[in-house]
Trainee: 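Below you'll find the structure I mean.
Lettering of chains follows the sequences in order, A, B, ..., and the numbering in each one begins at 1. These numbers come from a predicted model, not from an experiment.
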Amino acid sequence: MSYQQPYQPQPQPPAGGPGAYGRGAVVCPFCGGASNSQLCNWCGRDTTAPRRPCPRCGRMAQTVEPACWNCGARFKSDMAWKIPVIILLFVLAIALGIVLGLAR
Amino acid sequence: MARFKDPNFVAAAFQPYLQPGEQIRNVAFGVKQPSMALIIPLFALAILPGAIATALLTKEYVVALTDRRVLVLHFKGSKIQVQEVLEYSLYNHAPVESSTGPVFTHIKINDPARPFVAKFHRAGMPGNREQAMAIAAALGQPPYPQQPPPHPPQYQQQYPPPPQQYPGQPQ
């Protein structure tokens, strides 16, 4: 029994080079398929949607998606570490001010 | 003061995100700082932690105007490590507010789905002021007329004309 790979579209570049796509044709940033409309003909995603690269596999994923559609890695917001650092800085500053005030 | 010394280095960061045949016209560097309603209390509470917090909460962007759209890269680090990609078509974009002062050029795109606001310091990059003004001018123009879809004529649906008289209808 052989394992069959799931079907994945492998769009080929046009024979005439990049200019052969013509006006209005775009390459989907998610799957790489060529499309003539805002919605990709291959994956159905909005080709103009806000997107971010996956830190693990590098593929583009929509910003609204919580995890990478390709490798499943979950996206983490920068605020997850920035907010605790900011709070810690202010706590240390206030504590230092209290200590210096008591030392006088 | 300048965040980037070479505009070509910034333009090179857009290459993976360009469509085939797309040409970059202008590139600018901008930032989005947190609201002054947050900055002032942070600085009033403690100056140094307030400055650090403001720096941590500031988002950095590089914006490119191409022949068909405006590309926005939210990044971090000096090597332009891209965090998010936004794009706005020149053919169909939301209303844009822009202003230019002696130091900053402000651009605000009032798109409900993907709002963008940033200010571009004139010393952010060599030629940053002129580049940002060119991007603001391109966005300030009314959107170009939408091009018809490039469907060949044989795929365009042709409806027969409505009959003038139904069959069997008395003359």
Trainee: A/P53 and B/V82: which non-hydrogen atoms are nearest, and at how many Å?
Mentor: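 Nearest pair, atom of A/P53 first, then B/V82: CG-O, 3.5 Å.
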Trainee: Please rank A/R51, A/M60, A/R52 by heavy-atom pairs under 4.5 Å with chain B and give me the top one.
Mentor: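 Top option by heavy-atom pairs under 4.5 Å: A/R51.
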Trainee: Output the option from B/E87, B/H74, B/Q81, B/R69 having the highest count of non-hydrogen pairs under 4.5 Å with chain A.
Mentor: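 Of B/E87, B/H74, B/Q81, B/R69, B/E87 has the most heavy-atom pairs under 4.5 Å with chain A.
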Trainee: Under the salt bridge (Lys or Arg N to Asp or Glu O under 4.0 Å) rule, what pairs show up with a residue in residues 27-39 of chain A, not counting sequence neighbours?
Mentor: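 For residues 27-39 of chain A, and leaving out neighbouring residues, there are no salt bridge (Lys or Arg N to Asp or Glu O under 4.0 Å) pairs at all.
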Trainee: Is A/T47 in contact with chain B via its backbone, its side chain, both, or neither, using a 4.5 Å heavy-atom distance?
Mentor: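 A/T47 touches chain B through backbone heavy atoms alone.
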Trainee: Any chain of hydrophobic side-chain contacts (each under 4.5 Å) joining A/F90 to B/L38?
Mentor: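 Hydrophobic grouping puts A/F90 with B/L38.
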Trainee: Residues of residues 96-105 of chain B under 4.5 Å from chain A (heavy atom pairs)?
Mentor: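 Checking residues 96-105 of chain B against chain A gives no residue, so none.
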Trainee: Which bit of A/T48 is near chain B, if near means a heavy-atom gap under 4.5 Å: side chain, backbone, both or neither?
Mentor: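 Contact with chain B is through both the backbone and side chain of A/T48.
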Trainee: Applying a heavy-atom distance below 4.5 Å, give me the residues of residues 42-57 of chain B that approach chain A, sorted by number.
Mentor: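 Answer by number: B/L42, B/L45, B/A46, B/P49, B/G50, B/I52, B/A53, B/L56, B/L57.
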Trainee: Take atom NZ of A/K82 as the centre, draw a 6.0 Å sphere, and report whether it contains more than 12 heavy atoms from other residues, nucleotides or ligands.
Mentor: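 Check passes, neighbour count above 12.
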Trainee: Which atoms of B/Q19 are under 4.5 Å from chain A, going by heavy atoms: the side chain, the backbone, both sets, or neither?
Mentor: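 Contact with chain A involves the side chain of B/Q19 alone.
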Trainee: Taking B/Y61 as the starting point, is it possible to reach B/L65 by hopping between hydrophobic residues whose side chains are less than 4.5 Å apart?
Mentor: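 Yes, same cluster.
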Trainee: Can you hop from B/V63 to B/L86 via hydrophobic side chains spaced under 4.5 Å?
Mentor: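 Yes, one cluster joins them.
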Trainee: Side chain from CB out, backbone as N, CA, C, O: work out which of these in A/P29 comes under 4.5 Å of a heavy atom of chain B, or both, or neither.
Mentor: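 For A/P29, no heavy atom lies under 4.5 Å from chain B.
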Trainee: If you group Ile, Leu, Val, Met, Phe, Trp and Tyr by side-chain heavy-atom gaps below 4.5 Å, do B/V10 and B/I24 land in one group?
Mentor: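 Yes, it is one cluster - the side chains of B/V10 and B/I24 are joined through contacts under 4.5 Å.
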Trainee: Quick one: salt bridge (Lys or Arg N to Asp or Glu O under 4.0 Å) partners of B/R114, sequence neighbours excluded?
Mentor: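 Here the qualifying residues are B/D111.
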Trainee: Cluster question for you: counting only ILVMFWY and a side-chain heavy-atom cut-off of under 4.5 Å, with indirect links fine, are A/L92 and A/L96 together?
Mentor: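 Each belongs to a different hydrophobic cluster.
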